Amino acid sequence: QVQLVESGGGSVQAGGSLRLSCVISGGNSGAAYGNYVLAWFRQGLGKEREAVAAIRSSGSTLYTDSVKGRFTISHDTAKKTLYLQMNSLKPEDTAMYYCAAGYPAAWDFSQGYHNWGQGTQVTVSS
């Protein structure tokens, strides 16, 4: 079973940067994540969980429109770690951020991911 552990959240002012990490262990982690899609989701207070970014085993990346040009998803297979570099942060980026792994029919379909981390909080003040 794949286990995901996020870190790197915190409080920053608008315009600042954070880098989130998600360490992946278990399952087929010998190949980092097999044919999984790895993704970052976020959920703000009182809001639905939304997809932020994903990376396929091929290396191709996908982003939700609101973070394009500001966020970058990447993975280090040797370290078995998924990253989300977040620049030019805005107050509306405030949320709990989760990493996820699975075989979703669509990258932004949360129910297609069956492995989730516990989340790391990001708070952006204006």
Side-chain angles (χ1 to χ4, degrees):
Q1 183 176 355
V2 175
Q3 295 178 329
L4 308 173
V5 179
E6 303 98 332
S7 62
S11 297
V12 296
Q13 290 189 328
S17 298
L18 284 172
R19 188 177 78 158
L20 306 183
S21 300
C22 174
V23 177
I24 306 161
S25 62
N28 192 21
S29 60
Y33 51 88
N35 291 322
Y36 279 0
V37 176
L38 296 176
W40 288 98
F41 283 75
R42 66 186 179 187
Q43 187 167 16
L45 192 63
K47 299 181 179 180
E48 292 186 356
R49 187 170 296 190
E50 66 168 341
V52 176
I55 186 165
R56 302 183 188 279
S57 56
S58 65
S60 62
T61 57
L62 303 105
Y63 298 92
T64 192
D65 286 347
S66 63
V67 308
K68 285 180 180 177
R70 299 189 298 122
F71 290 11
T72 303
I73 189 171
S74 63
H75 74 274
D76 185 325
T77 56
K79 295 182 178 180
K80 300 175 186 178
T81 302
L82 178 71
Y83 299 101
L84 184 68
Q85 177 66 45
M86 305 185 295
N87 299 327
S88 302
L89 282 161
K90 303 175 180 180
E92 52 263 43
D93 294 319
T94 295
M96 184 72 79
Y97 283 71
Y98 301 89
C99 64
Y103 299 101
W107 77 275
D108 54 353
F109 184 56
S110 63
Q111 294 183 25
Y113 294 86
H114 50 272
N115 295 107
W116 292 84
Q118 83 289 350
T120 186
Q121 178 68 37
V122 172
T123 303
V124 185
S125 59
S126 58

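Bear in mind that the values here come from a model prediction, so they are computed numbers and not experimental data.
Under the 4.5 Å side-chain contact rule for hydrophobic residues, V23 and L18 do not share a cluster. M86 and Y83 fall into different hydrophobic clusters, where Ile, Leu, Val, Met, Phe, Trp and Tyr residues are linked whenever their side-chain heavy atoms come under 4.5 Å apart, directly or through other members.
Considering L84, V67, T94 in turn, V67 is the only one that fulfils the side chain to side chain contact (heavy atoms under 4.5 Å, CB included) rule with R42.
In this structure the side chain of I24 never reaches within 4.5 angstrom of the side chain of T81, judged on heavy atoms. Using a 4.5 Å cut-off on side-chain heavy atoms (C-beta onward), L82 and I55 make contact. At a threshold of 4.5 Å between non-hydrogen side-chain atoms, the residues R49 and Y98 count as touching.
Residues Y103 and Y113 place their aromatic rings such that the two centres sit no closer than 6.0 Å. A centroid separation of less than 6.0 Å is found between the aromatic rings of F41 and W116. Between H75 and Y36, the ring centre distance reaches or exceeds 6.0 Å.
A54 and V37 get closest at one heavy-atom pair: CB-CG1, 3.9 Å. For the residue pair S60 and S58, the shortest heavy atom distance occurs at OG-OG, 3.2 Å. The two residues G44 and A95 come nearest to each other via the heavy atoms N-CB, 3.7 Å.
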- R56 and L62: CA distance, side-chain angles, deciding distance, side-chain contact (heavy atoms from CB on, under 4.5 Å) verdict: CA-CA 9 Å; R56 302 183 188 279; L62 303 105; 3.8 Å; yes
- Message: Walk me through whether S17 and N87 qualify under side chain to side chain donor-acceptor pair (under 3.5 Å).
- Response: CA-CA 4 Å; S17 298; N87 299 327; 2.9 Å; yes
- Query: Going through the checks in order, is the side-chain contact (heavy atoms from CB on, under 4.5 Å) test met by L20 and V122?
  - Reply: CA-CA 9 Å; L20 306 183; V122 172; 4.0 Å; yes
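Between the E6 side chain and the S21 main chain, no donor and acceptor come within less than 3.5 Å of each other. Using modelled atom types, no side-chain atom of R19 and backbone atom of Q85 make a donor-acceptor pair closer than 3.5 Å. A donor-acceptor contact shorter than 3.5 Å links the side chain of N115 to the backbone of V2.
A disulfide bond (SG atoms under 2.5 Å apart) check over residues 83-126, counting only residues at least two apart or in different chains, returns the pairs C22-C99. Among pairs with a residue in residues 43-69, none fulfils ring-ring contact (aromatic ring centres under 6.0 Å, His included), at least two apart in sequence or across chains.
Annotation: the span from S126 atom OG to E92 atom CD amounts to 10.0 Å, rounded to 0.5 Å. In this structure, CG in D93 is found 11.0 Å from OG1 in T123, a value given to the nearest 0.5 Å. Within the model, atoms OG of S125 and CD of Q13 stand 5.0 Å from one another, a figure rounded to the nearest 0.5 Å.
Between D65 and K68, at least one side-chain N (NZ, or NE/NH1/NH2) sits under 4.0 Å from a carboxylate O, which counts as a salt bridge.
Residue Q118 qualifies as enclosed at atom CD: its count of foreign heavy atoms under 6.0 Å is above 12.
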